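Working notes, beginning with the structure itself.
Chain A is the first sequence line, chain B the second, and so forth, proteins listed ahead of strands; every chain is numbered from 1. Please read these numbers as outputs of a predicted model, since none were measured by experiment.
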Protein chains: 2
Amino acid sequence: MLDRLSELRKERKWSLQETADQLGIAKSTYAGYESGYREPSLLSLTQLAELFETTVDFLLGRTDETYGGHGVTEITEIIHQKNVSLFLDGKPLTPDEIIDFIAFIRTKRELKPKRSLVLEK
Amino acid sequence: MLDRLSELRKERKWSLQETADQLGIAKSTYAGYESGYREPSLLSLTQLAELFETTVDFLLGRTDETYGGHGVTEITEIIHQKNVSLFLDGKPLTPDEIIDFIAFIRTKRELKPKRSLVLEK
DNA sequence: ATAGTTTGTACTCGATACGCGTACTTTTTT
DNA sequence: AAAAAAGTACGCGTATCGAGTACAAACTAT
């Protein structure tokens with residue numbers, strides 16, 4: 001259930017012992033959480049999320065977003081979502097508006113490099 | 001630790017028994033979670049979040065946002081944020097791009113109502 | 001107001017899982 | 001190759017769990 005613990009710890013190049021020390025628990029206890037042999041208390045769970053600077057939902061595998069609140073959003077993916085997530089002036093963006101926007105910005109981004117190339121010459 | 005459970009349940013006008021039934025646990029078990037006298041297993045915790053359509057972080061009081069993942073975002077507020085949260089084609093949107101986007105959509109929105117008024121006449 | 005029903009609270013019990021310490025194995029470093 | 005570090009597995013005493021039940025409080029119907 002807490003498969004992601006191992007991943008998060010290795011990314012930071014921490015040993016089981018170092019990680020356990022930071023949490024104030026025994027190495028075997030922490031190892032138990034990673035292996036799934038043991039479950040942390042709710043307090044320990046929140047401490048794990050804080051230590052790894054992520055959400056409990058991510059630790060539990062309920063979401064792939066490493067941090068909640070203002071999630072990182074790839075606009076091209078918004079079109080396919082059922083729930084509207086972007087608002088302007090209190091009104092939800094329509095799929096057409098999003099599509100127009102994507103085209104608009106892509107065009108601007110294509111124009112920019114060309115101009116800078118011209119200026120460099 | 002799970003103070004919010006009571007709040008969420010009452011909003012929905014569910015009794016302890018009804019709620020427990022939906023979770024497939026005993027009334028006394030569920031009551032124990034609300035009162036803080038008992039802690040749910042991680043599996044039960046995720047089931048609670050699903051039943052109440054919220055995040056585990058919210059249940060644990062780690063965030064005030066009732067739903068994580070793709071949070072509802074008012075674009076005008078993004079400009080002031082330190083962390084970039086909108087990406088297009090894998091690249092973060094610059095403040096200029098966001099400003100242009102806001103202007104672009106606002107212009108479109110102003111044009112639309114006028115046309116529909118004309119058509120209605 | 002009273003009786004019946006529903007809901008919430010408190011308690012007990014048996015079973016299970018916890019955190020910890022330790023030993024052993026594997027991997028890494030010297 | 002030897003030593004050190006890191007990871008894995010195990011046993012123990014204790015705490016906590018889920019469930020069932022009894023009781024109290026709140027709500028509803030008459």
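Within the 4.0 Å cut-off from OP1 or OP2 of D:dG7, at least one side-chain nitrogen or oxygen of A:R9 is found. Distances shorter than 4.0 Å separate none of the side-chain N or O atoms of B:R38 from OP1 or OP2 on C:dC11.
Contacts between residues 39-47 of chain B and DNA chain C, defined by a heavy-atom separation below 4.0 Å, involve no residue at all. Contacts between residues 20-29 of chain B and DNA chain D, defined by a heavy-atom separation under 4.0 Å, are made by B:I25, B:A26, B:S28, B:T29.
Atom NZ of A:K13 is separated from atom P of D:dG7 by 13 Å (rounded to the nearest Å). Nucleotide D:dG18 holds its C1' atom 15 Å from the CG atom of B:L16, rounded to whole Å. The distance from atom OH of A:Y30 to atom P of D:dA9 is 16 Å, rounded to the nearest whole Å. Look at CD on B:E18: it is 15 Å from P on D:dC27, rounded to the nearest Å. Counting to the nearest Å, the C1' atom of C:dA17 and the CG atom of A:L2 are 15 Å from each other. Look at CH2 on B:W14: it is 18 Å from C1' on C:dT6, rounded to the nearest Å. At whole-Å resolution of the value, CD in A:Q17 and C1' in D:dG7 are 11 Å apart.
Between B:E97 atom CD and A:F101 atom CZ the span is 7.0 Å, to the nearest 0.5 Å.
In terms of modelled atom types and a separation under 3.5 Å, the side chain of B:R12 and the main chain of B:F52 share a donor-acceptor contact.
Summary of the strand contacts: B:Y37 and B:S15 both lie near DNA chain C, and taking for each the nucleotide with the nearest heavy atom, the more 5' one is attributed to B:S15.
Scanning both residues, B:R109 and A:L88, for their nearest heavy atoms gives NH1-O, 2.9 Å. Pairing each heavy atom of B:S35 with each of B:G32, the nearest pair is OG-O, 3.2 Å. Contact between B:L16 and B:K27 at its shortest, heavy atoms only, is CB-CG, 3.9 Å. Residue A:L2 comes nearest to A:Y33 through the heavy atom pair CB-O, 3.9 Å, listed as atom of the first residue, atom of the second, then distance. Nearest heavy-atom pair, A:R62 versus B:T55, reported as atom, atom and distance to 0.1 Å: NH1-CA, 3.9 Å.
By the salt bridge (Lys or Arg N to Asp or Glu O under 4.0 Å) test, A:E34 is found to be paired with A:R9, residues two or more places apart in sequence or in another chain being considered. Checked against salt bridge (Lys or Arg N to Asp or Glu O under 4.0 Å), B:R106 has the following partners two or more places apart in sequence or in another chain: A:D89.
B:T54 is not listed as a side-chain neighbour of B:R4, based on a closest heavy-atom distance of 4.5 Å or more.
Recorded end-axis angle for the helix from C:dA1-D:dT30 to C:dT30-D:dA1 stands at 50°, based on five pairs per end and rounded to 10 degrees.
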In residues 44-51 of chain A, what donor-acceptor pairs under 3.5 Å come from side-chain atoms, sequence neighbours left out?
residue, atom, partner, partner atom, Å
A:S44, OG, A:S41, OG, 3.2
A:T46, OG1, A:L43, O, 2.8

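Within the 4.0 angstrom heavy-atom criterion, only backbone atoms of the sugar-phosphate kind lie near B:Y33; the bases stay farther away.
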